[in-house]
Amino acid sequence: MDKIYNYKNKEKEIYKNWEEKEYFKPTIDPKKKSFNKAQGKPFTIALPPPNASGKMHTGNVLMIAIEDLLIRWHRMKGDPTLWVPGTDHAGTETQITFEKALQKQGKSRFSFSRHELYDAIWKFVAENKGQIESQIRQMGASVDWSRYTFTLDAHVIKTVHETFKKMVEDGLVYRSNYMVNYCPKCGTTYADVELKHGERHDPLYYVKYERVVKEKGHQYISVATARPEPIAEDTHLAVNPKDKKHKELIGQKVLNPLTGKEMEIIGDEFVDPEFGTGIVKLSPAIDKNDYEVALKHKLPINEILELSGKMTGRYRGMSVLDARKKAVEELEHNEKIEKVDEKYVHTVTLCKAGHSIEPMIMPNWFIKVDEPNKSLKKPALDAVKNGDIKIYPKWREITYIRWMEEMRDWPVSRQNVWGIQIPIWYQVDGHEGRIAVSFIDRQKRQHNGPLRQWLDEGFSFEEIEEGLQQIIVPQYEAVGNNPKWIVSQEKPKDGRWIQETDTFDTWFSSGQWPLVTLKYPDSEDFKYFYPTSVMETGWEIIRLWVSRMIMFGYYLTGEKPFENVYLHGIVRALDGRKMSKSLGNVINPEEYIEQYGVDALRMGLISGTANGKDFNFPKDKVIAYKHFANKIWNMGRFILLMIDQLEKDMPAFETLDKTSLHAEDTDIVRELEALVKTVDTELEKFRFADAGEAIYHFMWHTLADKYIESVKQREDKDIALSVLMHVYVTCLKLLHPFMPFITEEIYQKLGYKDADSIMIAKWPTAQYKR
RNA sequence: GGCCAUUUAGCUCAGUUGGUUAGAGCGUUCGCUUCACAUGCGAAAGGUCAAAGGUUCGAAUCCUUUAAUGGCCACCA
């Protein structure tokens with residue numbers, strides 16, 4: 001053995017050997033089945049799929065380290081163990097990345113038809129997919145590659161379509177105009193939970209509205225607003241009816257400062273009397289509160305923004321910011337601005353890419369989450385409340401419970417191309433004037449407008465369909481007005497139909513991950529391994545993802561999708577701040593693997609993650625565990641050296657006569673037994689760091705520092721060595737799930753004969769009771 | 001504004017249902033080329049456990065209040 005453990009190159013070689021020998025494939029024992037606690041049952045994890053076109057970050061490393069630890073532990077214990085790998089198409093994120101690359105080439109998505117763009121992104125993802133896959137291997141993840149799943153695999157798409165169809169049939173799907181969060185830059189809508197917030201300075205304008213009936217000295221009333229651009233389209237103001245200062249304004253009229261049209265003042269309690277002047281203007285088309293008030297009071301909702309993000313109405317064609325400037329100019333010109341508060345700071349809503357979100361009213365597909373008798377959220381909420389699904393750490397439960405209690409209907413359509421297209425078809429015949437299309441014709445020109453217009457201009461329906469980019473089918477509230485739609489995976493044959501161009505929200509498909517990885521509904525895997533054992537992921541996606549998986553699990557199978565949820569903390573940068581490109585503090589795991597090895601990186605991260613709290617990247621611990629790797633390597637070297645020097649054969653530990661043992665021998669064996677027990681109980685409680693550190697301390701400070709030192713003095717070296725070997729190999733086995741590569745390497749070198757690989761060696765059991 | 005968490009050694013953090021002298025890693029100091037390992041060995045210094053009050057035979061741990069820090073959610077005209 002070399003003097004120093006050299007992990008480079010070794011790790012790859014070892015992994016290749018494991019994979020070739022198919023150690024990652026589960027051994028299916030029909031007697032050990034899910035729901036069969038008495039005879040043992042399978043242990044299953046579906047790997048939370050990383051972005052297929054991305055690369056490994058520290059969070060992924062931690063995730064793999066924890067899951068591989070659990071998987072290897074159970075596999076060694078003899079449970080049928082399955083870990084299914086996969087990657088996610090990551091709809092919006094990938095499309096944004098791709099479009100940025102397009103932009104560098106001076107192109108944009110608008111020069112592609114829908115299917116050209118889809119094919120191009122597919123190619124882009126296929127080219128980049130290899131990286132994350134090889135990094136998963138590099139981490140030592142003992143996943144079963146023969147069951148690898150990509151979220152756009154044919155069987156996944158089929159399942160997702162069928163789930164949607166079932167939901168339509170169960171009356172859980174509806175189409176509605178709704179105030180959605182629209183990002184004009186991304187060209188798509190976002191669910192509330194996908195957004196972030198930022199602070200911004202904007203001038204707050206106090207705008208004067210002339211009264212129709214003037215009271216003494218009160219010619220005007222004043223309204224504070226940061227968004228003057230929709231004023232021309234506004235029709236109402238509002239005050240709080242409980243506000244003594246202003247309640248008599250209810251029912252009175254003022255003049256629109258831009259158009260001079262009469263506006264009525266209504267009363268609603270949503271108005272905060274303390275903000276601004278206590279009087280607000282209502283712009284229902286671009287503000288969530290205003291929208292709700294408008295619905296409640298049946299006020300007109302005048303469109304202000306188009307899908308492109310451009311204004312319509314008085315400032316048609318302008319950007320929001322230009323329209324704002326123009327509106328301020330006009331107001332100033334007419335002397336309608338009383339004062340401006342330049343220090344006003346308010347929060348603005350941003351999409352993941354950091355663009356400003358505009359609330360807009362759009363037709364959208366929704367999933368009802370709390371339909372009586374068919375509630376999606378009720379079983380998902382109850383399961384956690386009554387402990388059927390356990391969440392670790394427990395204090396995270398409250399986040400989940402609160403979210404589920406407040407959960408609203410889920411908008412699932414996204415105006416992205418990169419995703420699973422919604423299997424809805426609209427009837428074209430008789431509705432040509434109502435369906436708006438954008439498409440690329442055969443001369444590569446782009447057109448935009450009502451379908452009828454293009455048909456009248458001589459484009460064939462086939463040509464339009466072929467070059468289609470997007471359709472918008474309006475949803476009018478009056479029944480009978482709207483094009484008929486049906487849910488179908490194939491194009492209907494009778495007459496002309498056009499497919500919805502929207503795709504599903506990524507979480508709609510990844511929400512079915514535990515199902516699709518096991519090839520729900522009728523595969524052997526599904527019957528044998530479902531429900532899975534642990535869902536291990538970062539706490540940040542408990543609402544986005546975990547909640548959806550639980551809902552889908554109960555909805556489709558009547559069973560929970562997993563028994564336990566373990567939520568790990570977020571790995572922060574060395575400086576304690578969140579990693580971000582702009583701060584330049586992002587830790588690249590590659591560098592640490594290069595410098596310290598995979599084992600040290602994994603073990604370091606695991607020991608840093610004590611109780612699910614966020615933690616700073618534990619660089620010191622990674623270094624410490626690199627030293628530890630070297631330490632155990634040298635322990636192995638020493639044992640081999642001593643055996644070599646031994647004049648007789650070393651007796652097997654099992655055959656040793658108890659009376660020949662020294663006190664230090666029985667002590668170390670007893671301490672070893674205690675360690676085995678500690679490791680098992682800590683792992684059962686998801687206390688990974690405690691289990692790992694227990695092994696570390698025993699091996700270094702008890703086994704090496706004390707016992708090995710005593711062995712050096714022994715006359716009966718054969719017996720001492722036999723005990724030492726037994727204790728050492730047992731420790732290696734305990735350590736293997738934490739540090740798989742080095743333990744395998746040493747195990748092979750020792751030539752210990754209970755198995756060809758430490759992976760299939762038996763997990764130690766504590767025999768002695770203390 | 002609501003909620004969740006955090007505050008323990010110079011630094012980063014463990015400390016599970018309250019139980020003897022409060023632990024780790026890194027750092028610091030002193031001494032070691034002991035033939036497995038200097039990525040090492042042996043020793044040592046260093047903490048009124050954020051503050052105050054309470055419960056208890058006993059509190060870092062439970063309760064109350066306060067302060068500071070971080071995060072999530074809601075609202076923001």
Side-chain angles (χ1 to χ4, degrees), chain A residues 1-5 192-193 195-197 199-200 202 204-207 223-228 230-231 234 237-239 270-272 274-284 286-290 293 344-349 393-403 406 539-540 542-543 569-570 572 574-578 596-597 600 604 607-642 645 681-682 685-687 689-690 692-694 696-697 700-701 704-705 708-709 711-712:
Chain A
M1 275 171 93
D2 299 335
K3 189 169 174 185
I4 290 199
Y5 171 55
D192 289 345
V193 279
L195 302 172
K196 54 184 187 180
H197 300 273
E199 281 199 337
R200 202 166 70 192
D202 274 317
L204 185 65
Y205 303 96
Y206 284 76
V207 180
V223 174
T225 181
R227 300 199 62 175
I231 284 180
D234 292 348
L237 301 181
V239 298
F270 96 98
V271 180
D272 175 4
E274 303 303 317
F275 186 90
T277 58
I279 309 170
V280 300
K281 65 183 191 62
L282 297 176
S283 306
I286 56 157
D287 183 282
K288 224 164 216 180
N289 280 319
D290 296 1
V293 172
Y344 178 60
V345 178
H346 64 143
T347 44
V348 287
T349 314
K394 191 159 171 57
W395 55 267
R396 292 275 184 211
E397 254 185 37
I398 192 77
T399 316
Y400 177 88
I401 288 170
R402 188 133 321 148
W403 160 251
E406 290 167 7
W539 60 262
E540 57 190 348
I542 184 169
R543 294 174 307 135
I570 308 303
R572 289 182 309 230
L574 293 167
D575 57 9
R577 290 191 290 180
K578 216 173 157 178
Y596 306 105
S607 72
T609 184
N611 49 12
K613 280 190 308 195
D614 293 353
F615 61 104
N616 302 352
F617 182 81
K619 187 179 176 182
D620 287 347
K621 290 198 171 168
V622 175
I623 296 170
Y625 282 108
K626 191 205 171 191
H627 294 175
F628 179 57
N630 190 60
K631 184 75 185 177
I632 60 173
W633 177 260
N634 276 289
M635 289 164 75
R637 266 182 82 205
F638 176 74
I639 292 170
L640 286 179
L641 207 78
M642 298 298 274
Q645 289 170 6
T681 54
E682 297 299 341
K685 289 189 284 184
F686 296 94
R687 311 257 331 166
D690 289 350
E693 280 174 15
Y696 172 90
H697 284 109
W700 199 316
H701 301 301
D705 290 350
I708 286 186
E709 290 308 312
V711 169
K712 289 178 182 172

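Protein chains get the first letters and strands the later ones, always in sequence-line order, with residue 1 at the start of each. Worth saying up front: this structure is predicted, and the values here are computed from it rather than measured. Just the heavy atoms: all of them, side chains too, but no hydrogens, waters or symmetry mates, feed the values below.
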_Proximity to the side chain of I398(A) - top-ranked nucleotide from C4(B), U16(B), C26(B)_ = C4(B)
_Less than 4.0 angstrom between a side-chain N/O of R543(A) and OP1 or OP2 of C73(B), yes or no?_
yes
_Within the 4.5 Å heavy-atom criterion, are T399(A) and W539(A) side-chain neighbours or not?_
no
_Taking A50(B) as the reference, what is the distance to G70(B) when you measure between their C1' atoms (whole Å, please)?_
15 Å
*What does Y625(A) touch in the nucleic acid at a heavy-atom separation under 4.0 angstrom: a base, only the sugar-phosphate, or nothing?*
nothing
_Side chain of W539(A) - closest among U16(B), C37(B), C72(B)_ = C72(B)
*asked:* If the cut-off is 4.0 Å, is N630(A) near the phosphate of G40(B), judged by side-chain N/O to OP1 or OP2?
replied: no
*Write down the distance separating the C1' atoms in G58(B) and A67(B), rounded off to the nearest Å.*
28 Å
*Which of these nucleotides, U16(B), C26(B), U39(B), is closest to any side-chain atom of R687(A)?*
U16(B)
*Please tell me which of the listed nucleotides, A36(B), A5(B), U16(B), lies nearest to the side chain of K613(A)?*
A5(B)
*Between U16(B), G25(B), C37(B), which nucleotide gets closest to the side-chain atoms of D690(A)?*
U16(B)
*Using the P atom in both, what is the distance from C35(B) to C41(B), to the nearest Å?*
13 Å
*Proximity to the side chain of K712(A) - top-ranked nucleotide from U12(B), G25(B), A36(B)*: A36(B)
*K613(A) versus P393(A): any side-chain heavy-atom pair under 4.5 Å?*
no
*Specify the separation, in whole Å, of atom CH2 of W700(A) and atom P of G42(B).*
10 Å
*Which residue lies toward the 5' end of RNA chain B, K621(A) or P618(A), if each is placed at its nearest nucleotide?*
P618(A)
*asked:* Counting the atoms with a prime plus P, OP1 and OP2 as sugar-phosphate, which does D290(A) contact under 4.0 Å by heavy atoms, base, sugar-phosphate, or nothing?
replied: nothing
_Mind checking if V271(A) touches a base, just sugar-phosphate, or nothing, with heavy atoms under 4.0 Å?_
base
*Of the nucleotides C13(B), G40(B), C26(B), which has the atom closest to the D620(A) side chain?*
C26(B)
_Applying a 4.0 Å non-hydrogen cut-off, can you work out what R402(A) is touching in the nucleic acid: base, sugar-phosphate, or nothing?_
sugar-phosphate
_Using the ring pair (Phe, Tyr, Trp, His ring centres under 6.0 Å) criterion, which residues pair with F617(A)? Sequence neighbours excluded._
Y592(A)
*With the side chain of H697(A) defined as its heavy atoms from C-beta on, choose the nearest nucleotide among A24(B), U39(B), C3(B).*
A24(B)
*Please, what dot-bracket string fits RNA chain B when only Watson-Crick and G-U pairs with both distances under 3.5 Å count, crossing ones use [ ] and pairs to another strand use |?*
(((((((..((((.....[...)))).(((((.......))))).....(((((..]....))))))))))))....
*Spacing of W633(A) atom CH2 relative to A38(B) atom P, expressed in whole Å*: 15 Å
*Verify the contact: side-chain N or O of W395(A) to OP1 or OP2 of U16(B), cut-off strictly under 4.0 Å; return yes or no.*
no
*Classify the nucleic acid contact of I708(A) as base, sugar-phosphate or nothing, counting any heavy atom under 4.0 Å across all strands shown.*
base
*Can you tell me how far P of U39(B) sits from NE2 of H627(A), to the nearest Å?*
7 Å
*Can you tell me how far CD1 of I570(A) sits from OG1 of T609(A), rounded to the nearest 0.5 angstrom?*
9.5 Å
*Any ion pair linking R543(A) and E406(A) (charged N to carboxylate O, less than 4.0 Å)?*
no
*Report yes if at least one side-chain N or O of K619(A) is closer than 4.0 Å to OP1 or OP2 of G25(B); otherwise report no.*
no
*Check the pair V622(A) / K619(A) against side chain to side chain contact (heavy atoms under 4.5 Å, CB included), numbers first and verdict last.*
CA-CA 5 Å; V622(A) 175; K619(A) 187 179 176 182; 5.6 Å; no
*Has the side chain of K631(A) got a donor or acceptor atom sitting under 3.5 Å from an opposite partner on the base of U39(B)?*
no
*Which part of the nucleic acid, if any, lies within contact of E709(A), taking any heavy atom under 4.0 Å across all strands shown: a base, the sugar-phosphate backbone alone, or nothing?*
base
_Without decimals, in angstroms, what is the distance between I639(A) CD1 and C37(B) C1'?_
13 Å
_Rounding to an integer number of Å, can you tell me how far I542(A) CD1 sits from G71(B) P?_
19 Å
_Distance check, C1' atoms only: A52(B) and A59(B), in whole angstrom units._
15 Å
_Among G25(B), A36(B), C4(B), the nucleotide that comes nearest once only the side chain of F638(A) is considered_ = A36(B)
*Mapping S607(A) and A624(A) onto RNA chain B by nearest heavy atom, which one lands closer to the 5' end?*
S607(A)
*Distance between the C1' atoms of A45(B) and G31(B), in whole angstroms?*
15 Å
*Which word best sums up how the rings of Y696(A) and F628(A) line up, parallel for under 30°, tilted for 30 to 60°, or perpendicular for over 60°?*
tilted
*asked:* In whole Å, I'd like the distance from the CG atom of D705(A) to the P atom of A24(B).
replied: 13 Å
*asked:* Measure NE2/H701(A) against C1'/G23(B) and give the value in whole Å, please.
replied: 12 Å
*Interatomic spacing from CD1 in I708(A) to CD1 in I639(A) - rounded to 0.5 Å*: 5.5 Å
*Under 4.0 angstrom between R572(A) side-chain N/O and C13(B) OP1 or OP2*: yes
*Which whole number of Å gives the distance between the P atom of C37(B) and that of C11(B)?*
36 Å
*Which atoms form the tightest heavy-atom contact between V223(A) and T277(A), and what is the distance?*
CA-OG1, 3.8 Å
*Could you measure between the two C1' atoms, the one in G47(B) and the one in A9(B), and give it in whole Å?*
5 Å
*asked:* So which atom in Y625(A) and which in S607(A) form the shortest heavy-atom distance, rounded to 0.1 Å?
replied: CE1-OG, 3.3 Å
*Taking atom P in both G23(B) and U16(B), compute the distance separating them and give it to the nearest angstrom.*
14 Å
*Atom CE of M635(A) to atom P of U39(B): distance rounded to whole Å?*
18 Å
*Looking only at heavy atoms, which two atoms of K621(A) and E693(A) are closest? And how far apart?*
NZ-OE2, 3.7 Å
